[in-house]
Structure formats: structure tokens, C-alpha cells
Amino acid sequence: MAPYESGDTVGAAHEGAERDGAPRSGRRKAARYAVPVAVAGVAAATIGLVPALAESGDPDLPKITAQQLIDKMAESDVRRLSGTVKITTDLGLPDLGGLEDGLLSGDGHGGSGDGSSADPRSRLTELASGMHTLRVAADGPDRQKVSLLERGAEYSLIHDGKDVWGYDSKSNEVYHSTAAGTGEERRAEPPATPEDFAEEALKAVDDTTSVTVDGTAQVAGRDAYKLLIRPRQSGTTVGAVSIAVDAKTYMPLKFTLTPRSGGAAVVDAGFTQVSFARPAASTFDFTPPKGAKVTEEKDTAARTPAPEHDEDLTGHLGGPEVIGKGWTSVATLDTGAKGGLPTGSQGGDLGGFLGSLGDPVSGKFGKGTVFSTRLVNALITDDGKVYAGLVTKETLVKAADAGK
């Protein structure tokens with residue numbers, strides 16, 4: 001099927017959502033659309049969902065432009081659903097002999113802020129690699145549930161009103177937190193559905209981006225339009241982003257990010273089953289099982305630096321700042337750690353190990369090491385600066401030279 005008329009859209013997400021008369025929810029959601037360029041933001045945005053979903057037959061749907069489709073996505077406000085999402089992520093990380101699995105999953109509770117294997121701050125990082133299956137459910141802003149299915153075990157994150165529960169069936173541990181605030185602020189749902197990733201990708205729609213409607217598809221038994229987003233710039237590692245959008249609710253059903261280098265998708269998210277009926281109220285009920293170890297979240301005020309301390313830290317690190325525009329934006333942070341990778345009697349072995357995983361580079365900025373994945377690249381210079389983004393090694397070096 002030939003692509004529908006779209007007229008490559010420039011700034012469509014922002015223009016469509018800011019029109020007079022647009023629903024408030026549409027403006028709110030469109031305002032959140034952006035591809036983060038900070039190091040932590042880039043890493044978070046690459047947590048992926050990759051199902052091998054069968055797309056049978058191309059449904060015959062009314063023609064729609066890219067501008068119209070993005071407007072409808074921004075106005076969509078699905079609050080009730082349940083379904084299954086398949087997840088796979090292929091960043092092309094180096095083989096560390098299983099070390100990376102322990103670091104990502106918080107094995108041994110090392111990644112948990114309060115020492116519990118049920119703490120979502122450690123468990124949800126598992127989505128950063130490998131293949132996973134999630135069961136999701138939502139009933140408005142105050143009730144959501146996400147379950148990560150594992151071999152013979154399950155990890156669940158439940159948000160019910162002011163309560164957020166995390167439960168690891170394997171260790172029989174429970175994590176509990178309560179806090180004031182709106183349901184939107186206390187959502188238990190991680191960035192793990194096609195809608196979450198679509199919101200991030202749509203923020204990149206500007207004059208550096210081509211957006212078209214690329215036909216139709218069926219996902220999880222539902223008719224959908226396919227929105228295709230392609231960077232116009234040549235210095236990015238992103239090849240294309242494809243979003244399958246439900247033709248009735250206009251909620252994203254599938255998200256696929258392919259690298260410019262080719263091969264398998266880096267990020268591919270999709271429902272294998274979805275229903276927009278209200279889930280049973282019992283879905284969100286949770287009582288700690290008998291004998292479970294329950295960890296209460298510590299006072300967040302005690303763990304959060306005071307604003308003035310935060311400002312001092314930011315000022316000391318000197319950033320992050322952004323160099324460039326659009327898909328070739330590079331975040332830069334001055335760590336103040338001169339000498340680059342760890343060296344000396346205590347850091348020599350670590351520095352040598354990390355150095356073996358990267359490529360040495362040099363330029364006007366001096367010398368440094370580039371660490372590469374199929375999507376995110378980062379440069380650490382010998383004078384303690386970090387440059388990172390969804391860009392090629394050559395683009396990082398140019399950004400570092402421009403930053404001198």
C-alpha cells in the first residue's frame with residue numbers, strides 16, 4: 001500500500017496541540033513530547049519493547065494526513081485498558097560475562113535504594129535489555145498495575161490511590177510507599193508501553209524531521225495507521241521510528257525504532273492483546289502475603305537534597321548543556337574529574353577494563369574514549385567532560401571540538 005498523503009510535517013506535534021480550542025489533556029500530553037538528550041534521559045528513552053508481532057492484512061481505513069493523525073494522538077485520552085505487551089531491547093552492548101545483568105537488575109539488592117528486591121527503582125531497569133512480557137492494566141489516573149512476568153515468578157507494581165506497592169514473588173518481598181499528590185504524579189506505570197515511547201519520539205518533530213503516514217496495519221487484532229518518523233540529519237544513529245496508532249482510540253499500539261546502521265530494531269514495543277473495557281476492581285487490590293518481608297519507603301525529604309544543595313551540585317558539574325539541534329543534539333556534562341578514566345593504584349585495573357570497551361579518539365578537545373551502542377554513544381574526555389547522544393562517533397567528536 002502506498003503511503004498516505006502527509007506532506008512532511010514540520011513541528012506538527014507542537015502546532016497541532018497548541019491550536020486554540022484543543023482539549024487541555026491534548027495540550028498537556030503534547031507538551032511532554034521530547035527526545036531527551038541528557039545522559040540519563042537518553043538511557044531511559046532506550047528502554048524498549050520488542051515483540052515479534054504478526055501484522056495480518058492491511059486494513060482499508062479512511063485517508064488521514066500526518067498532521068491530523070498527530071493531532072488525534074495528542075487529543076486521545078485513554079484511561080481504561082488491560083492487555084499484554086511483549087518487550088525486547090537490542091542495544092548491542094558488549095558482552096561482560098553476565099556482569100551487566102547484575103548491574104541492570106540490581107542483583108543482590110545492590111541497585112535498590114532501600115535494600116528491597118521489590119523496589120521499582122531497581123526492578124524496572126531490567127527492561128533495558130533482553131526479552132520480557134508485561135501485563136498492564138489501568139482504570140483512570142489513580143489505578144494502574146504493571147506485572148513483569150518471569151520464569152516461575154512475577155514482579156508487580158500496583159498503584160491504588162495514594163498507595164504504591166511493589167511485590168517480588170520470587171523473594172516474597174514487598175515494597176510500599178504512600179504520598180500525597182495527584183494520581184498523575186503517583187503513576188505506577190513505568191515507561192514500558194508503546195504510548196510512553198511514542199510520546200518521547202513525537203517531541204523530536206521539528207524542521208529536522210520528516211513525518212508521514214505509511215499505510216495501515218493490524219496490531220493485537222485492531223486496525224491501525226502507521227506513522228513514520230525519519231530524521232533529516234545525517235549525524236544521528238536513529239534510522240526511523242514507526243508508530244502503529246489505533247484507528248478508533250488513537251492510542252499507540254506498537255512502537256519500533258530502527259538504527260541507521262541497519263539490522264534488527266533497537267526498540268520495538270507492542271501489544272499482543274489489548275482491551276479498552278474497565279478492568280475488574282480486584283485487579284488493583286493488594287495485601288502483602290503471609291510471611292512477606294515488607295519495606296516501607298523512607299521519607300523522600302530525607303533522601304532529596306535541598307534546592308540550594310542541588311544548585312551547588314549542578315554548578316559544580318557545569319551542566320548538562322546541549323550542543324547542536326534536533327536528532328544530532330549532544331548533551332555535555334563537566335564532571336570535574338580530570339584524567340578521564342580511572343587510573344593509578346586503585347583505578348588502574350578499572351580504567352584499563354573500561355578503556356578496552358571503548359575507542360580512543362582525539363581532536364581539538366584533546367584526547368578521550370568513545371563508548372558505543374547501536375543507538376547511544378558517549379565520549380569521555382581526558383579533562384573530565386562527557387558528551388552523549390543519539391549520534392555517531394564523528395558527531396560526538398565535532399561536538400567536543402565545538403565545545404572548546
Side-chain angles (χ1 to χ4, degrees), residues 35-48 89-104 128-130 231 233-240 257-267 317-344 346-404:
V35 172
V37 292
V39 178
V42 169
T46 59
I47 298 177
T89 309
D90 183 8
L91 288 172
L93 295 171
D95 183 5
L96 303 180
L99 175 61
E100 73 279 13
D101 293 334
L103 293 174
L104 287 172
S129 65
Q233 298 164 299
S234 60
T236 177
T237 55
V238 177
L257 188 158
T258 53
R260 181 157 291 188
S261 60
V266 172
V267 178
L317 293 179
E321 298 178 353
V322 178
I323 298 174
K325 177 183 177 183
W327 297 89
T328 56
S329 297
V330 173
T332 176
L333 181 70
D334 189 346
T335 67
K338 306 300 181 181
L341 299 175
T343 58
Q346 296 182 342
D349 292 342
L350 177 60
F353 172 69
L354 292 176
S356 68
L357 300 177
D359 297 321
V361 293
S362 61
K364 295 178 181 179
F365 65 89
K367 295 182 179 180
T369 305
V370 171
F371 300 90
S372 301
T373 72
R374 299 176 68 217
L375 189 65
V376 182
N377 288 327
L379 164 62
I380 302 178
T381 68
D382 285 353
D383 61 359
K385 293 183 179 179
V386 177
Y387 299 84
L390 307 176
V391 298
T392 62
K393 179 170 67 174
E394 292 75 20
T395 302
L396 281 179
V397 171
K398 289 180 180 179
D401 285 343
K404 292 301 291 182

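In what follows, residues are counted from 1 in the order of the sequence shown.
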Listed by chain and number, what are the salt bridge (Lys or Arg N to Asp or Glu O under 4.0 Å) partners of Lys367, not counting sequence neighbours? none
Thr237: side chain to side chain donor-acceptor pair (under 3.5 Å) partners, not counting sequence neighbours: none
Between the side chains of Gln233 and Thr328, is a donor N or O closer than 3.5 angstrom to an acceptor N or O? yes
Quick one: pull up OG1 in Thr373 and CG in Leu390 and give me the separation to the nearest 0.5 Å. 8.5 Å
What pair of heavy atoms forms the shortest contact from Asp334 to Asp383, and how long is it? OD1-O, 4.5 Å
Nearest-0.5 Å distance that lies between atom OH in Tyr387 and atom CD1 in Ile380: 12.5 Å
Using a 3.5 Å distance criterion without hydrogens, assess whether the side chain of Thr381 forms a donor-acceptor pair with backbone atoms of Lys385. yes
Minimal heavy-atom distance between Pro259 and Arg374, with the atoms involved, is CG-NH2, 3.3 Å
For the residue pair Val391 and Ser329, what are the closest heavy atoms and their distance? CG1-O, 3.9 Å
How close do Ala265 and Asp90 get, counting heavy atoms only, and between which atoms? O-CB, 3.8 Å
Exam field: side chain Arg260 to backbone Leu375, donor-acceptor pair closer than 3.5 Å: no
Looking at every non-hydrogen atom in both residues, tell me the closest pair between Gly235 and Thr395 and how far apart they are. O-OG1, 3.0 Å
Determine, stepwise, if the pair Val322 / Val330 fulfils side-chain contact (heavy atoms from CB on, under 4.5 Å). CA-CA 6 Å; Val322 178; Val330 173; over 6 Å; no
Sequence neighbours excluded, the answer for side chain to side chain donor-acceptor pair (under 3.5 Å) partners of Thr236 is none
In Å, rounded to the nearest 0.5 Å, how long is the span from CZ of Phe365 to CG of Leu379? 5.0 Å
Report the distance from atom NZ of Lys398 to atom NZ of Lys364, rounding to the nearest 0.5 Å. 11.5 Å
